[in-house]
Engineer: 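Could you have a look at this structure, given as structure tokens, before my questions?
Each chain gets a letter, A, B and so on, in the order its sequence line appears, and its residues count up from 1. Here the structure is a predicted model, which means the values were calculated and not measured.
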Amino acid sequence: MNVFNHFQSKLNAELESLSSSGALPAGIDASRAVVEPPRDPSHGDIATNAAMVLAKPAGMKPRDIAEMLAERMRGWDEVTEVEIAGPGFINLRIADAFWRSAVADLLKAGIAYGASGMGKGRKVMVEYVSANPTGPLHAAHARGAIVGDALASLLAKAGFDVLREYYINDAGAQVDTVGRSTYLRYREALGEDIGTIPEGLYPGEYLKEVGEALAKRDGDKWLGKEENEWLPEIRAFAISEIMGWIKEDLGLLGVDMAVYSSEKALVEAGAVDAVMETLEGRDLLYTGVLEPPKGKKPDDWEPRPQRLFKATEFGDDVDRPIQKSDGTWTYFANDIAYHLDKYRRGYADMIDVWGADHGGYVKRMKAAVKAVTGGEGDLDVKLCQLVHLMDGGKPVKMSKRAGTFVTMRDVIDSVGKDVLRFIMLTRRNDQTLEFDFKKVTEQSRENPVFYVQYAHARCHSVLRHAEEALNGADLSGTALASVVLDRLTDPAELGLMKLLLAWPRTVESAAEAHEPHRIAFYLGDVAAAFHGLWNKGKEDTTLRFLVDEDSELTMARLALVRATQTVIASGLDVIGVEPVEELRA
RNA sequence: GACCCCGUAGCUCAGCAGGAUAGAGCAACAGAUUCCUAAUCUGUAGGUCACAGGUUCGAAUCCUGUCGGGGUCGCCA
């Protein structure tokens, strides 16, 4: 249960009742009146701005509304203190017993704690990675993969019906290039000296493997044939090999896509033609000449009539080409068909996770989704900014030309998928991120992965010791849920409890905002509160978790430790990181 | 030239749907270790939230403009 929702509905009920009794004008809009934790804990446990937001529509003074509401709130069972502060905030202090009983619920729920019905089973598709099948995933792909995956888990936790999807760009010029490059490597595998790789083909060594596999399967049957004979077959072969690597890499990262959808299949099924016909029928296409981009050299520019989509009618800055000069559809046209396909499959809510270099593409895609779904579809695009790879403070040199880029697999091999996943969520997605191979594996306060894992391991350590000391007592969450917690009275203990109980709210707000990084930051807060409490016990031994000859207090504290461990595990589960039970240098 | 993202403490960054005295970590300074893992913790100091207007009872947050950094800009995907 989200404790804030609990008080929110109580507040809403009071407002309704005040409305119907005439104390407040009827039909007043109270949607902006919210219950939230105050920034400063000294102001109380929860606060509401209700009096301030209602003052204007009600035509009353905030103070008067506050007085009226406060009077009602004083009657609430859980509340011990109500005060009006500042411009009209109502601050509530909640009885410790309320928090303690909520901790019992937490323990009963276990790792499922924090799950919410907010999404009401609404279908949402998260499309991410979608790297072109031209080579193995490189380090930069990791960020989008992790942000997308964590976001998908987060939405699932918040009660949405989530589909994870990868869009394979297996149509178009790039995969033709892969096919030709593979053909060259195939000839090489059959003993031919191919010299240097010509301009315009992929030089990467990784295609050797594909060429060899092809030679093994087909022998010399493609030698001396015309390109139009071998290209479709070899292209398909290469794509399937490369997609095999990509799926393997995603597996190592813990990413499990439900659907891999093919651009080529979509095109061949006529989906693009169909959409374009529809747009044509709605008079949203026309032939025109685009202005040259002003910052670019006009050398290679010549005005050329093209088939354009009226993106400006849906919020874009210019109309966008949907047809190349050779008459084939642009990538944009295919993408429109793909997004309509998502919508038709029941996903009116779509989230795409893209790299920052696609920023200029967002407006037109949103415009297209609006146009093609009649305003019913909603597309949110999460742009992931660049990742700067560093090693001990120095940038890692990478060159795509020289083929010396760092693959995602290199990174996983070097630091492990858990570290990679966590670090990728320690920044907002639209902020550039520095990834330092040395720092992320350091065992220090500076390293958030370690810090959170250490807190989890400490919980585990305490429980392990306790189990020995108490001769194998049952310290599971369900057992500890029935323990009396009245002896937990220290502010640090209550503070930790309240923080743990904010987990469901964190899930909901992060899901609402589509911001999985908030989970990582929240876990850092939980870890800090726990480490703090731990050290308090170092200074004041009466605060230690295991108290000799006071089993009631010990059990209460163990329940809190178990609750902490549970919430950390639950949070790590959302971001796809394995909690560790032990840390050794 | 246009569009998108960013600009918060010396450094790296949070800041939840506009809320009260803007928060962490690092670095600096002062402390805590016969003890459940000190790989940690406590405290001090550090701010014109780039700048200027606007909306509002209230703005780091929303709007407009300016400056600075990054990304992108027809026939690549």
Engineer: Does a side-chain N or O from A:Lys363 land closer than 4.0 Å to OP1 or OP2 of B:C4, or not?
Structural biologist: yes
Engineer: Report yes if a side-chain nitrogen or oxygen of A:Trp534 is closer than 4.0 Å to either non-bridging phosphate oxygen (OP1 or OP2) of B:A38; otherwise report no.
Structural biologist: yes
Engineer: Does OP1 or OP2 of B:G25 have a side-chain N or O of A:Arg427 closer than 4.0 Å?
Structural biologist: no
Engineer: Within the structure, does a side-chain N or O atom of A:His465 lie under 4.0 Å from either OP1 or OP2 of B:U37?
Structural biologist: yes
Engineer: For A:His358 and A:Trp354, take the angle between the two ring planes, folded into 0 to 90°, and tell me which bin it lands in: parallel under 30, tilted 30 to 60, perpendicular over 60.
Structural biologist: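 Rings of A:His358 and A:Trp354: tilted, 30 to 60°.
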Engineer: B:C62 and B:G25: how far apart are their P atoms, nearest whole angstrom?
Structural biologist: 27 Å
Engineer: May I ask you to decide whether A:Arg557 forms a salt bridge with A:Glu493, counting only side-chain N to carboxylate O separations under 4.0 Å?
Structural biologist: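 Answer for the salt bridge query: yes.
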Engineer: May I ask you to verify whether the side chain of A:Asn91 and the base of B:A20 hold a donor-acceptor pair under 3.5 Å?
Structural biologist: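 Answer yes: a donor N or O sits under 3.5 Å from an acceptor.
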Engineer: Below 4.0 angstrom, N of the basic side chain to O of the carboxylate: do A:Asp490 and A:Lys536 qualify?
Structural biologist: yes
Engineer: Heavy atoms from C-beta onward define the side chain here; which of B:U37, B:C16, B:G74 lies closest to that of A:Tyr454?
Structural biologist: B:U37
Engineer: Under 5.5 Å between ring centres and under 30° between planes: does that hold for A:Phe521 against the base of B:A14?
Structural biologist: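 Not stacked by the 5.5 Å and 30° rule.
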Engineer: Using purine N1 to pyrimidine N3 plus N6-O4 or O6-N4 for Watson-Crick, or N1-O2 and O6-N3 for G-U wobble, each under 3.5 Å, what pairs with B:C67?
Structural biologist: B:G7
Engineer: Please state whether the phosphate of B:C13, meaning OP1 or OP2, lies under 4.0 angstrom from any side-chain nitrogen or oxygen of A:Arg428.
Structural biologist: no
Engineer: Considering only atom C1', compute the distance from B:G46 to B:C11 and round it to an integer number of Å.
Structural biologist: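 After rounding to an integer number of Å, I get 12 Å for this pair.
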Engineer: Reading nucleotides 55-66 of chain B from the 5' end, what letters show protein touch, with B for base, S for backbone sugar-phosphate only, - for no heavy atom under 4.0 Å?
Structural biologist: -SBB-B------
Engineer: Heavy atoms from C-beta onward define the side chain here; which of B:C16, B:U37, B:A20 lies closest to that of A:Glu582?
Structural biologist: B:U37
Engineer: B:A38 phosphate, OP1 or OP2: any side-chain N/O from A:Lys538 under 4.0 angstrom?
Structural biologist: yes
Engineer: Whether A:Arg428 and A:Glu515 form a salt bridge (side-chain N of Lys/Arg under 4.0 Å from carboxylate O of Asp/Glu) is what I want to check.
Structural biologist: no
Engineer: For B:C35 versus B:U21, give the span between their P atoms, rounded off to a whole number of Å.
Structural biologist: 46 Å
Engineer: When all nucleic acid strands are considered with a 4.0 Å heavy-atom cut-off, which category describes A:Ala171: base, sugar-phosphate, or nothing?
Structural biologist: sugar-phosphate
Engineer: So, is A:Gln323 close to the B:G74 phosphate, meaning a side-chain N or O under 4.0 Å from OP1 or OP2?
Structural biologist: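 No, no such contact exists.
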Engineer: Taking only the P atom of each, what is the distance from B:C67 to B:A28 in whole angstrom?
Structural biologist: 39 Å
Engineer: What contact category does A:Arg320 fall into here, base, sugar-phosphate, or nothing, at under 4.0 angstrom with non-hydrogen atoms?
Structural biologist: nothing
Engineer: Please tell me which of A:Gln385 and A:Ala457 maps to the more 5' nucleotide of RNA chain B, matching each residue to the nucleotide holding its nearest heavy atom.
Structural biologist: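 Per heavy-atom nearest nucleotide, the more 5' residue is A:Gln385.
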Engineer: Between B:U55 and B:A9, how far apart are the P atoms? Round to whole Å, please.
Structural biologist: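 My reading of the P atoms in B:A9 and B:U55 gives 28 Å.
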Engineer: Between B:A45 and B:G10, how far apart are the P atoms? Round to whole Å, please.
Structural biologist: 15 Å
Engineer: Could you tell me which residues satisfy side chain to side chain contact (heavy atoms under 4.5 Å, CB included) with A:Ala356, sequence neighbours excluded, listed by chain and number?
Structural biologist: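 A:Ala356 satisfies side chain to side chain contact (heavy atoms under 4.5 Å, CB included) with A:Gln385 once adjacent residues are dropped.
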Engineer: Has the side chain of A:Arg445 got a donor or acceptor that lies under 3.5 Å from a partner of the other kind on the base of B:C26?
Structural biologist: no
Engineer: Just N and O in the side chain of A:His517: are any of them under 4.0 Å from OP1 or OP2 of B:G15?
Structural biologist: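 Yes, such a contact exists.
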Engineer: Please give, in whole Å, the distance from B:C76 P to A:Ile322 CD1?
Structural biologist: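 For the pair A:Ile322 CD1 and B:C76 P, the rounded distance is 15 Å.
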Engineer: Does A:Ser116 use its side chain to pair, donor to acceptor, with the backbone of A:Glu508 at less than 3.5 Å?
Structural biologist: no
Engineer: So, A:Glu468 and A:Arg464, do they make that salt bridge, N to O below 4.0 Å?
Structural biologist: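 Result for this pair is no, no salt bridge flagged.
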Engineer: Apply side-chain hydrogen bond (donor to acceptor under 3.5 Å, both in side chains) to residues A:His514 and A:Asp380 and explain how you reach the verdict.
Structural biologist: CA-CA 9 Å; A:His514 296 173; A:Asp380 184 23; 2.7 Å; yes
Engineer: How far does the P atom of B:C73 sit from the matching atom of B:C13, given to the nearest Å?
Structural biologist: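 Between the two P atoms, the distance is 25 Å.
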Engineer: Are more than 12 heavy atoms from other residues, nucleotides or ligands located less than 6.0 Å from atom NZ of A:Lys439?
Structural biologist: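 No - once you tally the heavy atoms of other residues, nucleotides and ligands closer than 6.0 Å, there are 12 at most.
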Engineer: Could you work out which one of B:A77, B:G74, B:C36 sits closest to the side chain of A:Pro321?
Structural biologist: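 Nearest to the side-chain atoms of A:Pro321, counting from C-beta on, is B:G74.
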Engineer: Does B:U34 pair with anything, Watson-Crick or G-U wobble, both distances under 3.5 Å, and if so, with which nucleotide?
Structural biologist: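 When the pairing criteria are applied, nothing turns out to pair with B:U34, so the answer is none.
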Engineer: What's the closest nucleotide to the A:Gln431 side chain, out of B:G15, B:G19, B:A14?
Structural biologist: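 Of all the options, the side chain of A:Gln431 is nearest to B:A14.
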Engineer: Please measure how far the C1' atom in B:G70 lies from the corresponding atom in B:G74, and state the result in whole Å.
Structural biologist: 24 Å
Engineer: Taking OP1 and OP2 of B:C41, is either one under 4.0 Å from a side-chain nitrogen or oxygen of A:Tyr451?
Structural biologist: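 Indeed, a polar side-chain atom of A:Tyr451 lies that close.
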Engineer: Closer than 4.0 angstrom, basic N to acidic O: yes or no for A:Arg487 and A:Asp550?
Structural biologist: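 Yes, charged N to carboxylate O under 4.0 Å.
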Engineer: Base of B:U40, side chain of A:Asn535 - is there a donor-acceptor contact under 3.5 Å?
Structural biologist: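 Result: at least one qualifying N/O pair found.
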Engineer: Between P on B:C13 and CE on A:Met424, what's the gap in Å once rounded to a whole number?
Structural biologist: 14 Å
